[in-house]
Number of protein chains: 2
Amino acid sequence: MAFNTVTYSVMGILLRAPRTGYDVVKELKSFRPAKSSQIYPVLSKLEKQGLATVQVMHQSGRPDKKIYQLTDLGKSHLLEWLDTHPEPPVVRDDFLSMLFSAWAKDVSTVTRLLTDRRRMLDKHAEDLNAKYAQLLQTFPTKIKDPASTQLSAYLLVGRRLRLLEEEGKWCEEMLTQIASWHN
Amino acid sequence: MAFNTVTYSVMGILLRAPRTGYDVVKELKSFRPAKSSQIYPVLSKLEKQGLATVQVMHQSGRPDKKIYQLTDLGKSHLLEWLDTHPEPPVVRDDFLSMLFSAWAKDVSTVTRLLTDRRRMLDKHAEDLNAKYAQLLQTFPTKIKDPASTQLSAYLLVGRRLRLLEEEGKWCEEMLTQIASWHN
DNA sequence: GAATTCATGTAAATGGTTACATGATTAG
DNA sequence: CTAATCATGTAACCATTTACATGAATTC
């Protein structure tokens, strides 16, 4: 039995701790964003196939909480998936498509695209930096434990940060380079 | 009238020069990959809506070539799009999902993921580097001309290369760091 | 002689988003 | 008092891939 990659991502979250669909969606944001309308059906399929169990917590005023927990069967499928090779990443970035055609307009279009991008990257990096600092402070030893979930967080956040910073630097350099040509 | 982003990407390619669907698919690879089964319908819609014209070149032994060319109407829509703000990039990368769960298996899973990733990045960077060097040699002055398509190529390839290299470095550093913890 | 390139497309299926339905609680 | 958060899900639509159909020309 093979599942799609969102399903494995959801299983990975449930393996760490039992969670509601709402919480799964929030946690997915850090490495594999998806809308809740995609996740809720995934969770009910997991239950139907015996890969997760549900515990319902009654609430008043809002829908009952459904807490999903990965079963041993679910875990075994997830671990099996980890032995396979990941597909090459899929990236869809309108910024690149715009850059590709920007020559047809004027230089200001190129510089606007670059400055806007840089702002976006900076804002993003700022948020992540806080998270990263906190991570390093709170769990300095646990990170080194390969069986700790902190290692993954350290790797994932650290990688993201470096790529954000590198792209930011690139934007800046390109802006100064272009400015130097047109003065 | 607003179109989806593949459509704008295709228009951007046709703006540079008239092309067949086959060639459009090849060129899309550098910034917005898509399968031909997605592109052919896009092209026929462009024609129906007067955004592109077609010239049929008869061939024997293979399907007739259909050369698409962007119309002024198409160009105006594309330029209008360039004044808008791009959506945030969409990334789906199984490698990250695997890294997120790798703690549940063992350290060797983490290191295998990192080494495989590094190999992939290196291979990719190698190909791009050749392209980049050629670009810098062949059109050293044209790149500085903002109305030249070479500027876009320079930006796009340069950016990609830097990000590939940065991620490669990160993989390497993480591998040595992890190795130092477990010796 | 085998693999890749050239060249078009359609049909079916999967993946993913938007819109809809519903509304109390909590934080600023 | 306003915005965000909590909490579930379904239906319709759009985006993208896979599989199918076809086969000569070229490169290795």
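To find a chain, count down the sequence lines: A is the first, B the second, and so on, and within it residues start at 1.
The side chain of A/Thr20 lies closest to D/dT8 when the candidates are D/dT8, C/dG15, C/dA7.
Ionic pairing of A/Lys105 and B/Asp83 is present here: one or more N-O contacts between side-chain nitrogen and carboxylate oxygen are shorter than 4.0 angstrom.
Side-chain nitrogen and oxygen atoms of B/Arg92 include at least one within less than 4.0 Å of the OP1 or OP2 phosphate oxygen of C/dG16. Taking 4.0 angstrom as the limit, A/Lys35 places none of its side-chain polar atoms (N or O) nearer than this to OP1 or OP2 of C/dG16. At least one side-chain nitrogen or oxygen of A/Lys26 sits closer than 4.0 Å to the OP1 or OP2 atom of D/dC6. When the side-chain nitrogen and oxygen atoms of B/Arg62 are compared with OP1 and OP2 of D/dA21, none of them lie within a distance under 4.0 Å. Of the side-chain N and O atoms in B/Lys66, one or more sit less than 4.0 angstrom from OP1 or OP2 of C/dG9.
As judged by a 4.0 angstrom heavy-atom cut-off over every strand, B/Arg19 is placed among residues making no nucleic acid contact.
Following rounding to the nearest Å, A/Lys65 (NZ) and D/dT5 (C1') show an atom-to-atom distance of 12 Å. Taking atom OH of residue A/Tyr40 and atom P of nucleotide D/dA11, one finds them 17 Å apart after rounding to whole Å. The OH atom of B/Tyr22 sits 5 Å away from the C1' atom of C/dC6 (whole-angstrom rounding). The interatomic distance linking B/Phe3 (CZ) with D/dC14 (C1') rounds to 16 Å, in whole Å. If you take CG of A/Leu28 and C1' of C/dG15, they are 15 Å apart, rounded to a whole angstrom. Residue B/Glu87 contributes atom CD, which lies 13 Å from atom C1' of C/dT18 at whole-angstrom precision. At whole-Å resolution of the value, NZ in A/Lys45 and C1' in C/dG16 are 12 Å apart. Per the geometry, CE belonging to A/Met57 stands 16 Å off P belonging to D/dC6, to the nearest Å.
Below 30°, between 30° and 60°, or above 60°: for B/Phe3 and B/His77 the angle between ring planes is above 60°, a perpendicular geometry.
When each of B/Asp23 and A/Thr5 is assigned the nucleotide of DNA chain C bearing its nearest heavy atom, the one mapping closer to the 5' terminus is B/Asp23. The nearest heavy atom of DNA chain D to A/Pro63 and to A/Gln38 marks one nucleotide each, and the one closer to the 5' end goes with A/Pro63. Between B/Gln59 and A/Val6, it is B/Gln59 whose nearest contact on DNA chain C lies nearer the 5' terminus.
The base of D/dT18 sits within donor-acceptor range of the side chain of B/Ser37, with an N or O pair under 3.5 Å.
Evaluation of the ring pair (Phe, Tyr, Trp, His ring centres under 6.0 Å) rule for B/Phe31 yields A/Phe100 as partners, not counting sequence neighbours.
Nearest heavy-atom pair, B/Ala34 versus B/Leu28, reported as atom, atom and distance to 0.1 Å: CB-CD1, 4.3 Å.
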Apply the test salt bridge (Lys or Arg N to Asp or Glu O under 4.0 Å) to residues A/Glu166 and A/Lys169: give CA-CA distance (whole Å), side-chain angles for both, the deciding distance (0.1 Å), then the verdict.
-> CA-CA 5 Å; A/Glu166 186 68 9; A/Lys169 271 192 260 171; 3.6 Å; yes
